[in-house]
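What follows is one structure encoded as C-alpha cells, with my remarks underneath.
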Amino acid sequence: MSPSQSSLAAKARRITLQMGETRFVTTRETLVTESIFFASLLSGRWDNSLPDGSYFIDAYPTLFEHILRYLRRGVLPIFYDINKGHDHALYLALLEEARYFQIARLQGWPENKQYLHAQAVKCSVEEVEGTRYRSKTLPTDTRVEHYPRWEARKVYVYPGGTSCHRDNPKSAA
C-alpha cells in the first residue's frame, strides 16, 4: 500500500462526532468495540452522516469526554472531590448516557456503585503521649468525625525516677 493509500485508509477509519458545539474525532474501532449504539450507527445500513461526513449525536459533550476516554482506554471515571465526596448526580447522568450508548460495562459502574470501592480513605489516630495507635481503611463515602477527649491523670514521680498512675502511689514498680 502506498503512503497516499494508507493516509486515505486512516482518514476513512476516522469518525467525527458533533455534540452541540463540540466535535470529537476518534476511530470507528474505538466506538464500536463496546457500544451497540455506535455499532448500529456506523454499520452502513443507513445513510445518517451529515454533509461533511460527521455524525450528529444528541448527547452531553462533557459526559461524552468520559465515555470516550473509557472507550479508548477502559478507564472508568471517578467523580470524587476530597472535600465534597462522590458526585452522585454525575454518576446518575453517566448511567443514563451509558444506557443510551448501550455500553454494558460502563453502565454497571454507576448502576452497581462500584466507584465506592475504587478508592479508599485511610484514617489513623495516634495518642501523643501514649502507645495507642488505630488505623482503619474506609470507603470514600464514609464521613469521619473526630472528637478528642482530654483527661488528666496524676503521675507521681519518685526520687528514684519511677512513676505510678491513677492516684495510686503503691503501683510504682
Side-chain angles (χ1 to χ4, degrees), residues 1 6-127 132-148:
M1 184 181 293
S6 71
S7 174
L8 287 173
K11 285 183 181 178
R13 287 193 317 258
R14 284 194 335 206
I15 301 291
T16 302
L17 303 174
Q18 182 75 38
M19 293 185 192
E21 298 298 316
T22 306
R23 293 175 72 86
F24 295 93
V25 179
T26 187
T27 64
R28 182 185 186 284
E29 293 79 23
T30 296
L31 295 172
V32 302
T33 301
E34 289 190 55
S35 172
I36 297 169
F37 173 89
F38 284 115
S40 179
L41 178 73
L42 303 174
S43 68
R45 289 181 281 195
W46 303 281
D47 184 22
N48 49 4
S49 63
L50 298 174
D52 66 354
S54 66
Y55 293 86
F56 175 76
I57 308 292
D58 192 15
Y60 296 104
T62 53
L63 276 172
F64 192 74
E65 289 177 19
H66 299 285
I67 292 169
L68 190 56
R69 183 178 301 120
Y70 168 77
L71 290 172
R72 286 177 173 155
R73 304 288 181 263
V75 176
L76 293 163
I78 297 177
F79 307 123
Y80 180 80
D81 179 273
I82 195 159
N83 295 317
K84 298 177 185 175
H86 286 283
D87 189 339
H88 296 284
L90 200 50
Y91 285 117
L92 288 174
L94 177 70
L95 174 60
E96 290 308 311
E97 294 298 292
R99 285 178 180 157
Y100 179 77
F101 292 117
Q102 300 171 342
I103 307 170
R105 182 171 175 245
L106 186 59
Q107 183 178 331
W109 177 249
E111 194 170 59
N112 301 322
K113 296 186 179 183
Q114 294 170 326
Y115 53 87
L116 294 176
H117 307 289
Q119 61 188 44
V121 175
K122 187 170 184 177
C123 302
S124 61
V125 178
E126 184 176 355
E127 197 174 293
R132 288 188 230 170
Y133 178 80
R134 292 183 184 184
S135 177
K136 190 171 188 176
T137 302
L138 304 167
T140 53
D141 65 336
T142 304
R143 183 173 174 87
V144 178
E145 294 182 17
H146 297 279
Y147 300 100

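Treat the numbers as computed from the prediction; the structure is a model and nothing was measured.
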May I ask you to test the Ile78-Trp109 pair for a side-chain heavy-atom distance under 4.5 Å?
yes
Do Leu31 and Leu71 touch side chain to side chain, with heavy atoms closer than 4.5 Å?
yes
If we only count heavy atoms from C-beta on, is the Leu42 to Tyr55 side-chain gap below 4.5 Å?
yes
Hey, does Thr26 have a side-chain heavy atom less than 4.5 Å from the side chain of Arg14?
no
For His86 and Tyr91, run side chain to side chain donor-acceptor pair (under 3.5 Å): C-alpha distance rounded to whole Å, both residues' side-chain angles, the deciding distance at 0.1 Å, then the answer.
CA-CA 8 Å; His86 286 283; Tyr91 285 117; 3.3 Å; yes
If you take all heavy atoms of Arg28 and Ser43, which pair is closest and at what distance?
NH2-CA, 4.3 Å
What distance do Glu96 atom CD and Glu111 atom CD have between them, rounded to the nearest 0.5 Å?
9.5 Å
State, yes or no, whether a side-chain contact exists between Phe24 and Glu65 at a heavy-atom distance under 4.5 Å.
yes
When every non-hydrogen atom of Ala59 is compared with those of Pro61, the smallest separation belongs to O-CD, 3.3 Å
When rounded to the nearest 0.5 Å, the distance separating CD1 of Ile67 from CZ of Arg72 is 12.5 Å
Hey, does Thr22 have a side-chain heavy atom less than 4.5 Å from the side chain of Thr62?
no
Report yes if some heavy atom in the side chain of Leu17 is under 4.5 Å from a heavy atom in the side chain of Phe64; otherwise report no.
yes
Any donor-acceptor pair under 3.5 Å linking the side chain of Asp52 with the backbone of Ser54?
yes
Report yes if some heavy atom in the side chain of Leu106 is under 4.5 Å from a heavy atom in the side chain of His66; otherwise report no.
no
Can you establish whether the number of heavy atoms outside Leu50 located under 6.0 Å from its atom CG is more than 12?
yes
Of the non-hydrogen atoms in Phe79 and Leu94, which two are nearest, and what is the gap between them?
CE1-CD2, 4.0 Å
So, the side chain of Gln18 versus the backbone of Gly20: is there a donor-acceptor pair under 3.5 Å, distance only?
yes
At what distance, to the nearest 0.5 angstrom, does CZ of Arg69 lie from CG of Leu76?
11.5 Å
Assess, by modelled atom type and distance only, whether the side chains of Tyr115 and His88 contain a donor and an acceptor separated by less than 3.5 Å.
yes
Quick check: does any side chain N or O of Ser40 sit under 3.5 Å from a backbone N or O of Ile36, one acting as donor and the other as acceptor?
no
